[in-house]
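Here's the structure we're looking at; comments come further down.
Below, read A as the first sequence line, B as the second, and so on, with proteins coming before strands; counting in each chain starts at 1.
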2 protein chains.
Amino acid sequence: MSPSRPFAPLVDRLKQAGLRPTRQRLALAKLLFEPGFRHVTAEQLHAEAAGANMRVSLATVYNTLHQFTRQGLLREVVVDPGRSYFDTNAGEHHHFFFEETGELQDVDGAEVELARLPNAPAGTKLGRVDVVIRLLPQK
Amino acid sequence: MSPSRPFAPLVDRLKQAGLRPTRQRLALAKLLFEPGFRHVTAEQLHAEAAGANMRVSLATVYNTLHQFTRQGLLREVVVDPGRSYFDTNAGEHHHFFFEETGELQDVDGAEVELARLPNAPAGTKLGRVDVVIRLLPQK
DNA sequence: GTGATTGCAAATCTTTTGCACTAAA
DNA sequence: TTTAGTGCAAAAGATTTGCAATCAC
């Protein structure tokens, strides 16, 4: 890898998405994209940034998460009333949701086969199809 | 008492669910279950009750929706960050979600075929599988 | 410089809670 | 009675907004 410019790939990624590579966006992108796929809430990410001595306000975390989502860098996952998760895996996939712990886990798109879907109603077109597999603790 | 009493079936339904048929629960049950399948938020239901001159506090609406859900009379649907919908169709089915309007529509369980699902991870067992088909306005 | 971005605090929105009051059994 | 249920107002979260200060280009 190129240790001299650790932010370089992230800079490009942001630029390609049409977002200015500001200090805050780069810091958050680093936390989000470098560790591999993950699911975070705004609060979590904000706490992480603080823990890593990156000064970013919570408002900016929200702004950034939404901008990244709008540009396709992230995907918003809604499974828990009153809390949004953001998924750094923006590809085709689904989710396990552990009801007990509130945790999310990716399920590769290939592991779920939707053999039949209804047609989109008149005036609409099909968007994403989200499959959430809810898991209960085994008794 | 006479079988023509309009609340009688609802009274039984509540009793069977182990819930006291109070004035408020009956009023809400009437709004929820008599018009056929529907999707409501707590605020909506509260407004409806007020409009029909049924005096029910918002806290009671929330309590009641959750009690009904716990007893299997309703199903909570989470698709919109920061708002919960309650679905009076508690049977096996999925949802269309109109992104533009925030509306939900039932999709009969038979119209979606999940031909393949991953196994539940160790220590867990499969719960419900929710399929949300997101719809965009046709451009 | 100029417009985009950020931080802060206040505001908003949904949902929950504590507790005294009321009503069903 | 006795206990579950209700209403109210306050509290708790999560998220958003307004606006002056700051930064990227």
Side-chain angles (χ1 to χ4, degrees), chain A residues 7-8 10-29 31 39-50 53-71 73-74 76-86 102 104, chain B residues 1 5 7-8 10-29 31 39-50 53-71 73-74 76-86 102 104:
Chain A
F7 275 153
L10 292 176
V11 169
D12 296 341
R13 199 152 167 187
L14 293 184
K15 279 187 179 167
Q16 274 174 33
L19 296 168
R20 281 193 190 173
T22 64
R23 176 175 63 73
Q24 291 86 340
R25 284 183 185 152
L26 282 170
L28 296 177
L31 293 174
H39 304 91
V40 289
T41 64
E43 281 291 355
Q44 270 168 28
L45 186 59
H46 183 240
E48 243 178 73
N53 275 315
M54 296 164 167
R55 286 160 295 100
V56 185
S57 75
L58 184 55
T60 295
V61 171
Y62 274 102
N63 285 338
T64 302
L65 286 172
H66 287 138
Q67 289 154 353
F68 283 13
T69 300
R70 197 172 323 117
Q71 305 308 318
L73 266 39
L74 290 177
E76 189 171 0
V77 184
V78 187
V79 271
D80 210 359
R83 192 201 311 311
S84 270
Y85 289 85
F86 292 85
L104 272 179
Chain B
M1 320 255 192
R5 208 176 43 175
F7 275 152
L10 291 176
V11 169
D12 296 341
R13 198 153 168 187
L14 292 184
K15 280 187 176 165
Q16 273 173 36
L19 296 169
R20 280 193 191 173
T22 64
R23 176 176 62 74
Q24 291 86 340
R25 285 183 184 151
L26 282 170
L28 296 176
L31 293 174
H39 304 90
V40 289
T41 64
E43 280 292 353
Q44 272 167 27
L45 187 59
H46 183 241
E48 245 178 73
N53 275 315
M54 297 164 166
R55 287 161 295 101
V56 184
S57 74
L58 184 55
T60 295
V61 172
Y62 274 103
N63 285 338
T64 302
L65 287 172
H66 287 139
Q67 289 154 353
F68 284 12
T69 300
R70 197 172 323 117
Q71 306 307 319
L73 266 39
L74 291 177
E76 188 171 2
V77 184
V78 187
V79 271
D80 210 358
R83 191 199 306 322
S84 270
Y85 289 85
F86 292 85
L104 272 178

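In this structure, the NE2 atom of B:H46 is 12 Å from the P atom of D:dA9, given to the nearest Å. Following rounding to the nearest Å, B:Q67 (CD) and D:dT6 (C1') show an atom-to-atom distance of 10 Å. The nearest whole Å value for the distance from the CD atom in A:Q71 to the C1' atom in C:dT5 is 15 Å. Between B:L28 atom CG and D:dT6 atom C1' there is a gap of 12 Å when expressed in whole angstrom units. Between the C1' atom of C:dT22 and the CZ atom of B:R55 lies a distance of 12 Å, rounded to the nearest Å. Residue B:D80 contributes atom CG, which lies 15 Å from atom P of C:dC13 at whole-angstrom precision.
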Annotated protein contacts, base or backbone, on nucleotides 10-25 of chain D with a non-hydrogen cut-off under 4.0 Å, one of B, S, - each
----SBBB------BS

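At least one side-chain heavy atom of A:T69 sits less than 4.5 Å from a side-chain heavy atom of A:L74. Taking 4.5 Å as the limit, every side-chain heavy atom of A:D80 sits out of range of all side-chain heavy atoms of B:V78.
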Quick one: side chains of residues 14-23 of chain B, donor-acceptor pairs under 3.5 Å with protein atoms, not counting sequence neighbours, listed by atom name and distance.
residue	atom	partner	partner atom	Å
B:T22	OG1	B:R25	N	3.2
B:R23	NH1	B:R55	O	3.2

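Taking the ring-ring contact (aromatic ring centres under 6.0 Å, His included) definition, one finds that B:H39 meets it with B:H95, sequence neighbours left out.
Atoms OH and CD, from B:Y85 and B:Q44 in turn, are 6.5 Å apart once rounded to the nearest 0.5 Å.
Contact annotation: B:R25 reaches the phosphate of D:dT6 (side-chain N/O to OP1 or OP2, under 4.0 Å). When the side-chain nitrogen and oxygen atoms of A:T60 are compared with OP1 and OP2 of C:dT6, none of them lie within a distance under 4.0 Å.
For the side chain to side chain contact (heavy atoms under 4.5 Å, CB included) criterion with B:L45, the lone passing option out of B:T64, B:L31, B:V56, B:L58 is B:L31.
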